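Here's the structure, in structure tokens; my notes come after.
Everything numeric here is computed off the predicted structure, so don't read it as measured data. Below, all heavy atoms of this structure are taken into account, side chains as well, without hydrogens, waters or symmetry copies. Atoms within each ligand, like the ligands themselves, are counted from 1 in listed order.
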Amino acid sequence: MSFVDHLLTWYRQSARNLPWRRTRDPYRVWLSEVMLQQTRVDTVIPYYERFLSAYPSIDALAAADEQSVLKLWEGLGYYSRARNLRKAAREVAEQHQGELPNRYDRLRQLPGFGPYTAAAVASIAFGEAVPVVDGNVLRVFARFWAIEDDIRAPRVKTQLFERLSPFVRQCDPSHFNQAIMELGALVCLPKRPKCEACPLRQECRARIEGRQGALPVKSKKSATPHKEIAVAVIWRDGQLLIGKRKVDQMLGGLWEFPGGKRRADESLEETAIREIREETGLEIELGAPYCTVEHAYSHFSISLTAFRATYRSGEALPHSTDELRWVRLDELDAFPFPTANKRVIEAIVAQHVTKR
Ligand code: SF4
């Protein structure tokens, strides 16, 4: 038996029963693949189910407003995925009668369809013989074929795509691609791969040569920078001020408390007062912090300190946001916020409950 036969037999016996594996509906496959990028399966399942109840079809998603889509995505991170999903749904509704194109090269033309998503949807939903190459696939084959190149190098992805193409053509492309990704998720783990349970063990060069720990070769990421952020929760007549981030910014379309990055020569309090002046034109009186939240993004981490503040003077104008709004505390739940700001809201609510 070839390694492909071993792999597919293992997949039939070992595949996890996940909601998106019970369908080949292109919309559901697409949604699951987008949600699973950089995100764990356990985290995705409830989001996937909630999203489908709200938007059961591409046409329903196309008709949705961006804020509602972002609200459903809240906490899942990488929000451009949600914005692109909706954008692509609108394009599919307008130009393709609500049906996703059934070929890799045509899918690639839609917003948010990189090589990975297009290959996953084309192969899983439409059976097109095109390999997916994600982090799991790179790791498995870097070990299986003892590839010595740095797997972060784009050429390695391209080479693997070409090398895998003939194998995908020999079998059901949907099963082949899912089987490799599943093997990477369950067996060929980054640390301590479970070689004794692996269907590829007989031909795997890394296992035969005892080099599982040395492969794949991966260049080190440079150290992630850390930023100190100060924001102000500005109260005025029982309402507080929130701003909507510009669409072309990271976390675009989400809401936040105004503030920004501390400069080297400033205290956090000075940062908050300066940022509020620059971002909104308001003068404030700063109180004690509600909390400090630590949060890590893919390329940097932050410590975000949220100060209680009282409005003093000025008219709130959105100098660096799309919009500013005064809202009541009990209205905040209607807006999508990034995770660190959600923690701030929890701290505000907790303080208000204690004070009652
Ligand atoms: S034998 Fe071990 S190293 Fe090779 S593919 Fe399987 S789990 Fe990975």
Q. Which pairs count as salt bridge (Lys or Arg N to Asp or Glu O under 4.0 Å) when at least one residue sits in residues 279-302, sequence neighbours excluded?
A.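 Passing the test, one end in residues 279-302: R277-E283, E285-R312.
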- Environment of atom 6 (Fe) of ligand 1 in terms of protein N/O/S atoms, cut-off under 2.8 Å: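 Sorted hits: C198 SG.
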Fill in: Any side-chain donor near an acceptor of the partner, R81 and Q37, under 3.5 Å
no
Discussion item. Can you confirm whether Q67 is buried at CD, in the sense that more than 12 heavy atoms of other residues, nucleotides or ligands lie under 6.0 Å from that atom?
Written reply: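 Yes, the 6.0 Å shell around CD holds more than 12 heavy atoms from other groups.
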Minimum heavy-atom separation for L107 and A118, please, with both atom names.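 The pair with the smallest heavy-atom distance is CD1-O, 3.7 Å.
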Those residues at least two apart in sequence (or on a different chain) that pass ring-ring contact (aromatic ring centres under 6.0 Å, His included) with F144 are F3, F141
Sorted by chain and number, sequence neighbours left out, salt bridge (charged side-chain N to carboxylate O under 4.0 Å, His left out) with K244 holds for none
